[in-house]
Amino acid sequence: MWQVKIEDEAYKVLESGELTEKDLEVIHQWAKLVSEEGPAALLQSPQSWADHALYDEWKGHRASSFSYKGRIIYKVKDQIVTVTVVRITDEHDYKRKR
């Protein structure tokens, strides 16, 4: 079994009220799938998650879609999936905020 650890920044977004109930439901399904089967399970449903590796300043992280505009950005280390950011962007802009 895998552990999904959500960083403080992501919790703030999850609790902010910015996400719809449907978004929260899909994010919960993502976390459940990853905790039960590991992140490789996301690649078995590319139409659902559009999971892919990131590069440049996000090198070492991956992103999964939870809606048309929403992304879960995460990193895997020792069977712990750390969700570092949950952000909605209609430009698919993965640049870190400074």
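Of all the heavy atoms in Asp23 and Thr20, the pair that sits closest is N-OG1, 2.9 Å. In terms of heavy-atom proximity, Val4 sits nearest to Ala31 at CG2-O, 3.7 Å. Of all heavy-atom pairs between Pro39 and Val76, the closest is CG-CG2, 3.7 Å.
For Ser48, the side-chain contact (heavy atoms from CB on, under 4.5 Å) partners two or more places apart in sequence, or in a different chain, are Ser45.
Considering only heavy atoms from C-beta on, Leu42 comes within 4.5 Å of Tyr74 through its side chain. Using a 4.5 Å heavy-atom cutoff, the side chains of Phe66 and Leu24 are not in contact. You'll find the side chain of Lys22 reaches within 4.5 Å of the side chain of Val26, heavy atoms only. Put simply, the side chain of Thr82 reaches to within 4.5 Å of the side chain of Glu7, judged on heavy atoms.
To the nearest 0.5 Å, atom CD1 of residue Ile73 and atom CD of residue Glu9 are 9.0 Å apart. In this structure, the separation between CD on Glu21 and NE2 on His28 is 12.5 Å, given to the nearest 0.5 Å. Note that OH of Tyr55 and NE2 of His61 are 15.0 Å apart. Values are rounded to the nearest 0.5 Å. Taking CH2 of Trp2 as the start and CG of Asp78 as the end, the distance is 9.0 Å to the nearest 0.5 Å. Considering CZ of Arg71 and CG of Asp51, their distance stands at 11.0 Å, rounded to 0.5 Å.
Here side-chain hydrogen bond (donor to acceptor under 3.5 Å, both in side chains) pairs that include residues 30-44, with residues two or more places apart or in two chains, are Trp30-Ser64.
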Report task. Report the C-alpha distance between Leu43 and Arg62 in whole Å, list the side-chain angles of each, state the deciding distance to 0.1 Å, and finish with yes or no for side-chain contact (heavy atoms from CB on, under 4.5 Å). Result -> CA-CA 11 Å; Leu43 300 175; Arg62 298 188 65 80; 3.6 Å; yes
